[in-house]
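Data block below; observations after.
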Amino acid sequence: MRCRSARGRTPRKEGDTHMSEVRVRFPPSPTGYLHIGGARTALYNWLFAKKHGGKLVLRIEDTDAERSTQESIQGIIDGLNWLGITWDEGPYFQSEHAAEHVAAANQLLASGHAYKCFCTKEELDAKREKAQANKEDYKYDGTCRNLTPEEVAAKEAQGLPAVIRFKVPRIEGKVGFDDAVYGRVERAYADIEDFVVVRSNGLPLYLLCNVVDDIRDRITHVIRGQDGLVNTPRQILIYQALGATLPTFAHMPLTLDLNKAKISKRSHGEIVAVQFYRDHGFLPWALANFLVLLGWSPGDDREIFSREELIEAFSLSGITRSNSIFNYRKDDPKFFTDPKALNINAHYLRSLPIEEIAPLVQKELEKAGLWDAAYAGEQKAWFLQTLTLIRERFHTLTDFATLGRAYFADDFPIDEQALTKNVLKHPELKELLPELADQFAALPELTAAEAERVAREFAEAKGVKPGLPINAARALITGQIKGPSMFELFEHLGKERVVKRLRRVAQYFN
RNA sequence: GUCCCCAUCGUCUAGUCAGGUCCAGGACACCGGCCUUUCACGCCGGCGACACCGGUUCAAAUCCGGUUGGGGACGCCA
């Protein structure tokens, strides 16, 4: 089926920017939050538009009034904003174009590309069930396809409700198109039933609305999930019947869960919500960077991209054809989501300019009630230095408020393992640490160099390994079993705090 | 069930169109080592895949056919 030559590293049909401006769209249906699958679709469209100097249209497909909600619309917009995906037009609302959809349906009717069908839902259901019972493939049998104008008029006179069906050409051959990702895709006319384009209540269906909107919005490239692949031949039929030019189609592989089921809001919940990542300390661009890699590759070894680099590198031809798995394990004690996503987030956390990280950390500290206005004022240098010191081993922004609490507050829990292993296991620390604290206190200035000298001499004098008081100090001062160099920390946190926390050792032995 | 799509390490993938440079490269994860006051970073090393069967060819991950496996779509949802 697929024409191999249509894909690969050689340029595929996707450029064609000379003819007209590139226009793509992201058309979410507002029936829930923005999930990572939708975000990825939006991202690919956005990248493609940016790459070609085109426009991205945001169009809310809200024709399913029963399921569409205002919160959902806001949630999607918030999600896109947070990710930094900007659009050039919209949001447009599909519901505002209902008249055009109806007009298009009437045009199809008038031109003989569609017909009224009076079969009732019950009749159809019965036929479908019968076919299923006989293990036969069900397709609409065309009962109303050849009704004479008189018959139609008679049924309408009786007030019988009717849907409008598209009249699929009953000819040999296939409808096909060159997908920018999958290559040549074809479907036999015989395999396409006369599908419904307008409900019996007069409301047009998605398949039609979507095409009408794309024509009106002058969409040149339809980049969407592979679950739309089988719809495409039918939509092409509509384009042709409406006398419109076909856009280029590019179907992207789906994102599956570990059980290889399509991820969905319904079955996967918050773990697939963009908002979840915002709330769990992800940097927006880190998520975007991770998502783009799910089904796309630049063709070389690069995996970390700045915005500009990604726009430059992005291409439809780099999209894979096979579905990818979003590798998260529920209840994994170590990784709360895909390890690679976490890794990319950690990468940005420790490599971005500290000034870019600071405002994001500020938000986390504010949420935890740990923010001090001075961190943005006279203590700004100290604050930035703190982040520089601790960000190296953090994976998310929330870590600053949890694992890093001791840097911003005097009340902080001490990691159990740190306490037992580095403090309680060595009862002599109960006397040693206050003594060390006294020596620090006696210093004119507690610099890193002085702290190191004093600590080492102290250990030697007491006949213990330097690691003993140092690691104990880490537990008591930072609450953690791991962390930055303690000598630097003694200086950075200041004599007063260091001495005070060291002297607290006794209370833990009770 | 029918139609469509897909198939390389556990996961994301490069390589497939233009067969040989691939006893298959990178990243994450995992394991070991170095570094070190701890952990992390970093560096070094290890583990680990062309689904299967045929065919074409001097030569196949790559081309062809089939099998198996997986996914998607089969609504008067979007």
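Chain identifiers are assigned alphabetically (A, B, ...) following the order of the sequence lines, protein sequences preceding nucleic acid strands; residue numbering begins at 1 within each chain.
In terms of phosphate contacts, A:Arg302 brings no side-chain nitrogen or oxygen within less than 4.0 Å of OP1 or OP2 of B:rG26. Contact between the side-chain N/O atoms of A:Ser324 and the OP1/OP2 oxygens of B:rU13 is found at a separation under 4.0 Å. Contact annotation: A:Thr63 side-chain N/O to B:rA78 OP1/OP2 distance is under 4.0 Å. Contact annotation: A:Arg329 side-chain N/O to B:rU11 OP1/OP2 distance is not under 4.0 Å. The shortest distance between the side-chain N/O atoms of A:Asn343 and the OP1/OP2 oxygens of B:rA29 is below 4.0 Å. Contact annotation: A:Lys139 side-chain N/O to B:rC3 OP1/OP2 distance is not under 4.0 Å. Considering only side-chain N and O atoms, A:Arg199 lies under 4.0 angstrom from the phosphate OP1 or OP2 of B:rC77.
Contact annotation: the side chain of A:His113 never approaches that of A:Val197 to less than 4.5 Å [non-hydrogen atoms, C-beta and beyond]. Proximity of A:Ile73 to A:Pro91: side-chain heavy atoms (C-beta onward) are nowhere separated by under 4.5 Å.
Contact annotation for A:Cys119: base contact, defined as any heavy-atom pair under 4.0 Å involving a base atom. Using a 4.0 Å heavy-atom criterion, one finds that A:Phe487 contacts the bases of the nucleic acid, with or without backbone contacts as well. No contact: A:Asn201 has no heavy atom under 4.0 Å from any strand. Residue A:Ile481 is in base contact, counting any heavy-atom pair closer than 4.0 Å across all strands shown. If you check every strand for non-hydrogen atoms under 4.0 Å, A:Glu61 touches sugar and phosphate atoms only. Using a 4.0 Å heavy-atom cutoff across all strands shown, A:Gly228 reaches no nucleic acid atom at all. Looking at heavy-atom distances under 4.0 Å, A:Pro161 makes no contact with the nucleic acid at all. Here A:Lys260 lies in heavy-atom contact (under 4.0 Å) with sugar-phosphate atoms only. Using a 4.0 Å heavy-atom cutoff across all strands shown, A:Leu254 reaches sugar-phosphate atoms only and no base atom. Among the atoms of the strands shown, only primed sugar atoms or phosphate atoms (P, OP1, OP2) are found under 4.0 Å from some heavy atom of A:Gln94. Across all strands, A:Arg128 comes closer than 4.0 Å only to sugar-phosphate atoms, never to a base (heavy-atom distances).
Ring orientation note: the planes of A:Phe195 and A:Phe166 are close to parallel, at an angle under 30° on the 30°/60° scale.
Looking at the side chain of A:Lys262, the nearest of the listed nucleotides B:rG26, B:rA73, B:rG71 is B:rA73.
Contact of A:Ser200 with B:rC76 (side chain to base): a donor-acceptor pair of N or O atoms is detected under 3.5 Å.
No donor-acceptor contact under 3.5 angstrom links the side chains of A:Ser322 and A:Thr320, judged on distance only.
Of all nucleotides present, none satisfies the Watson-Crick or G-U wobble test against B:rC9 with each distance under 3.5 Å. Summarising the base pairing, B:rC43 is matched to B:rG33 through a Watson-Crick or G-U wobble pair whose two defining distances lie under 3.5 Å. When both pairing distances are held under 3.5 Å, B:rA61 makes no Watson-Crick or G-U pair with any nucleotide shown.
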